[in-house]
Amino acid sequence: ERQVREQLKKRVPNATIDTIDLSADATGFVYTVNYHSGATTGTIKLDAATGNTLEKTVNYASVNR
């Protein structure tokens with residue numbers, strides 16, 4: 001889990017981790033990390049063996065102008 005936190009810090013330096021879940025799928029183990037950074041939230045899935053990003057979703061806050 002420490003390595004997952006380090007990987008997320010490299011990808012999103014100002015992120016605060018909300019949850020980290022480890023699950024298994026057909027290809028192996030996957031960490032799913034939910035995080036926020038300011039008004040932005042996101043989810044990233046990392047391969048537990050390699051640390052590679054498998055999927056990433058970012059939700060940006062809407063700005064009223």
Side-chain angles (χ1 to χ4, degrees):
E1 205 170 284
R2 179 185 55 80
Q3 291 174 334
V4 171
R5 292 178 185 279
E6 290 173 3
Q7 288 296 322
L8 185 64
K9 284 291 182 193
K10 289 179 185 176
R11 291 168 172 81
V12 188
N14 296 322
T16 299
I17 295 173
D18 297 319
T19 61
I20 299 176
D21 295 312
L22 178 62
S23 60
D25 68 8
T27 61
F29 289 97
V30 175
Y31 281 104
T32 301
V33 183
N34 293 301
Y35 65 91
H36 68 276
S37 179
T40 302
T41 61
T43 301
I44 189 168
K45 292 186 177 190
L46 300 171
D47 183 294
T50 65
N52 291 337
T53 301
L54 301 173
E55 183 179 318
K56 183 177 180 181
T57 304
V58 179
N59 301 306
Y60 298 97
S62 62
V63 178
N64 295 328
R65 293 181 186 228

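Only this structure's heavy atoms are used, side chains among them; waters, hydrogens and symmetry mates stay out. All values reported here derive from a predicted model rather than from experimental measurement.
The salt bridge (Lys or Arg N to Asp or Glu O under 4.0 Å) analysis of residues 3-15, with sequence neighbours excluded, yields the pairs E1-R5, R2-E6.
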CA sep, side-chain torsions, deciding dist, call: V58, Y35, side chain to side chain contact (heavy atoms under 4.5 Å, CB included) | CA-CA 9 Å; V58 179; Y35 65 91; 3.8 Å; yes

Please walk me through it: do L46 and I44 pass side chain to side chain contact (heavy atoms under 4.5 Å, CB included)?
-> CA-CA 6 Å; L46 300 171; I44 189 168; 4.0 Å; yes

Under the side chain to side chain contact (heavy atoms under 4.5 Å, CB included) criterion, do K56 and V12 qualify, and how do the steps go?
-> CA-CA 11 Å; K56 183 177 180 181; V12 188; 4.2 Å; yes

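Judged purely by atom type and a 3.5 angstrom limit, T50 uses its side chain to pair as donor or acceptor with the backbone of N52.
Across all their heavy atoms, A15 and L8 have their closest contact at CB-CD2, 4.1 Å.
The shortest side-chain heavy-atom distance between V4 and V33 falls under the 4.5 Å cut-off. No side-chain heavy atom of V30 sits less than 4.5 Å from a side-chain heavy atom of D47.
Rounding to the nearest 0.5 angstrom, the gap separating the CD1 atom in I17 from the CG atom in N34 is 10.0 Å.
D21 and T32 are not linked by any side-chain donor-acceptor pair at a separation below 3.5 angstrom, with hydrogens and angles left out of the test.
With sequence neighbours left out, T16 forms a side-chain contact (heavy atoms from CB on, under 4.5 Å) with H36.
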